[in-house]
Amino acid sequence: MIRLIYSPLWFYGKDIVIDVISVIVLFLISFFSFRCYKMQKSKNHIYLSLSFFSIALSFLFKILMNFTIYYNVMETSKIGAVTFSYQTMRATDAFFFFGFLLYRILTLFGLYMLYSLYHKQSMPNFILVSFLMLMLTYYSQAAYYIFYLTCLVLLSLITASLMSNYKKNKFKMTKMLAWSFGIIGFSQIFFILVYIKVYYYVAGEIIQLVGYLLLLASFAMVLRDAKKD
Amino acid sequence: MPKRTKIDIIGDMLSSIIDKGGKIKPTHLMYKSNMAHKQMGTYLDELVEKELVQKIKVSNFDYIILTDKGTEFLNKLKQMRDFEKAFGL
């Protein structure tokens with residue numbers, strides 16, 4: 001049985017707002033990177049743009065799924081009919097299954113693409129890892145924490161790469177980016193612990209929001225400081 | 001040193017004009033942006049065509065000035081460079 005709801009009832013909708021903010025930040029960076037690609041025609045820019053776009057798209061699927069589930073749950077609590085809820089969920093099982101599958105695979109794919117920017121991968125390696133991620137996502141539906149654990153590993157590696165870049169270039173924005181990815185990575189630990197208490201989901205979402213806001217601040221500073229020079 | 005891309009060369013040319021207060025003589029631009037005469041001519045024609053720079057005459061001397069569009073383009077280029085630097089691209 002796939003567990004679909006991690007959020008406590010009072011947090012319904014608030015997590016959607018947090019995810020919408022994350023989507024906006026991710027789309028902004030993806031769009032800017034795409035604009036850079038159009039100017040420079042550099043492969044790195046298009047890969048960066050695609051990785052952020054993939055993560056943004058994954059969040060959109062998560063929002064869509066959560067929105068539908070919360071709507072169903074709220075409607076059911078209003079009517080108070082358990083059978084009705086059961087039937088509604090059964091009718092949309094396939095929808096949720098593919099929705100969450102897409103959310104997870106797009107997140108992992110985006111993070112792996114980002115990781116590949118810092119650790120160049122050969123094409124066979126890229127195909128192999130993508131295939132393994134697909135298998136991992138499919139066969140770990142019940143063990144949801146495997147997905148968050150994989151995100152944690154990828155985000156830690158990306159943070160380490162950014163930190164290593166910062167040691168070389170001493171650029172403040174690189175440090176801020178490293179911190180934001182580090183914080184987003186840290187939030188995954190709370191998502192892993194959701195099975196202990198649902199409140200970890202709230203903590204995870206809030207920490208993730210801090211991470212994405214820091215990412216937005218870093219991006220805004222890059223744009224602002226370049227204009228000041 | 002890695003070979004400069006087209007966008008690098010354009011960036012160097014526009015920065016050289018800014019460094020000289022927004023107005024530069026063609027020969028100075030050639031030296032400052034490390035270019036050969038013929039190469040600079042080709043690039044300059046393109047920049048003029050795209051309205052990023054303008055050729056003017058002041059007391060019988062040729063000058064190249066940066067347009068508003070050119071300044072805006074240079075800003076975008078700087079943003080792109082900082083973005084690349086931040087992500088380590």
Side-chain angles (χ1 to χ4, degrees), chain A residues 28-49 51-52 114-120 158-181 214-215 217-229, chain B residues 1-24 28-29 32-35 39-40 42-53 64-89:
Chain A
L28 276 175
I29 298 177
S30 171
F31 176 70
F32 186 80
S33 191
F34 184 71
R35 260 182 50 188
C36 292
Y37 166 73
K38 275 173 70 180
M39 260 172 105
Q40 183 122 332
K41 303 277 177 226
S42 149
K43 274 184 185 173
N44 281 346
H45 287 121
I46 195 72
Y47 291 152
L48 186 72
S49 174
S51 63
F52 275 93
L114 207 53
Y115 164 80
S116 305
L117 273 176
Y118 301 110
H119 305 275
K120 297 287 174 215
I158 294 165
T159 307
S161 305
L162 284 165
M163 266 319 218
S164 148
N165 277 350
Y166 172 69
K167 277 182 192 160
K168 282 180 219 153
N169 69 14
K170 295 283 171 206
F171 194 46
K172 197 180 156 194
M173 282 27 144
T174 310
K175 193 181 177 184
M176 281 177 74
L177 278 177
W179 268 100
S180 53
F181 278 100
L214 191 61
L215 189 62
S218 325
F219 178 61
M221 275 175 78
V222 166
L223 302 190
R224 191 199 63 188
D225 289 2
K227 273 197 170 182
K228 268 200 300 191
D229 291 338
Chain B
M1 208 176 155
K3 201 176 166 226
R4 287 189 297 173
T5 61
K6 187 180 174 182
I7 207 91
D8 289 333
I9 296 171
I10 292 173
D12 288 345
M13 286 174 80
L14 299 180
S15 298
S16 303
I17 306 174
I18 283 269
D19 290 345
K20 276 278 183 180
K23 192 171 89 175
I24 196 169
H28 288 166
L29 178 63
K32 278 195 152 279
S33 45
N34 284 316
M35 294 172 85
Q39 188 192 21
M40 196 195 70
T42 318
Y43 273 92
L44 204 54
D45 287 345
E46 195 180 329
L47 294 185
V48 171
E49 193 192 305
K50 287 182 174 159
E51 297 172 355
L52 299 178
V53 299
I64 294 152
I65 58 164
L66 197 64
T67 61
D68 288 345
K69 202 175 164 187
T71 314
E72 199 184 310
F73 182 81
L74 194 60
N75 278 335
K76 279 184 186 164
L77 209 59
K78 278 180 186 162
Q79 285 178 341
M80 191 176 87
R81 292 283 175 253
D82 280 1
F83 181 75
E84 282 173 356
K85 198 175 163 188
F87 275 96
L89 299 178

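Only this structure's heavy atoms are used, side chains among them; waters, hydrogens and symmetry mates stay out. Just so it is clear: chains get the letters A, B, ... in the order the sequence lines come, proteins before strands, and each one is counted from 1.
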**Q.** Atom pair CZ (B:Phe87) and CG (A:Asn165), whose distance is rounded to the nearest 0.5 Å
**A.** 11.0 Å
(Q) For B:Ile7, which atoms come within 4.5 Å of any heavy atom of chain A: side chain, backbone, both, or neither? (A) side chain
Q) Does B:Glu84 reach the side chain of A:His45, with side-chain heavy atoms less than 4.5 Å apart? A) yes
Q | From A:Phe219 atom CZ to B:Gln79 atom CD, the distance as rounded to the nearest 0.5 Å | A | 8.0 Å
**Q.** Part of A:Tyr47 within contact of chain B (heavy atom distance under 4.5 Å)
**A.** neither
(Q) For A:Leu48, which atoms come within 4.5 Å of any heavy atom of chain B: side chain, backbone, both, or neither? (A) side chain
Q.
What's the separation between atom OG in A:Ser33 and atom CG in B:Leu89, rounded to the nearest 0.5 Å?
A. 6.5 Å
Q: Calculate, to the nearest 0.5 Å, the distance between atoms CD and CZ belonging to A:Gln40 and B:Arg81 respectively.
A: 4.5 Å
Q: State the CZ-CG distance between A:Arg224 and B:Asp82, to the nearest 0.5 angstrom.
A: 11.5 Å
Q. B:Lys85 versus A:Asn169: any side-chain heavy-atom pair under 4.5 Å?
A. yes
Q: Measure A:Ser161 against the heavy atoms of chain B and call it side chain, backbone, both or neither at under 4.5 Å.
A: neither
Q) Should the heavy atoms of other residues, nucleotides or ligands under 6.0 Å from NZ of A:Lys167 be counted, would the total exceed 12? A) no
Q) Nearest heavy-atom pair of A:Val222 and B:Phe83: which atoms, and what distance? A) CG1-N, 3.5 Å
Q. Where does A:Tyr118 contact chain B at under 4.5 Å (heavy atoms): side chain, backbone, both or neither?
A. side chain
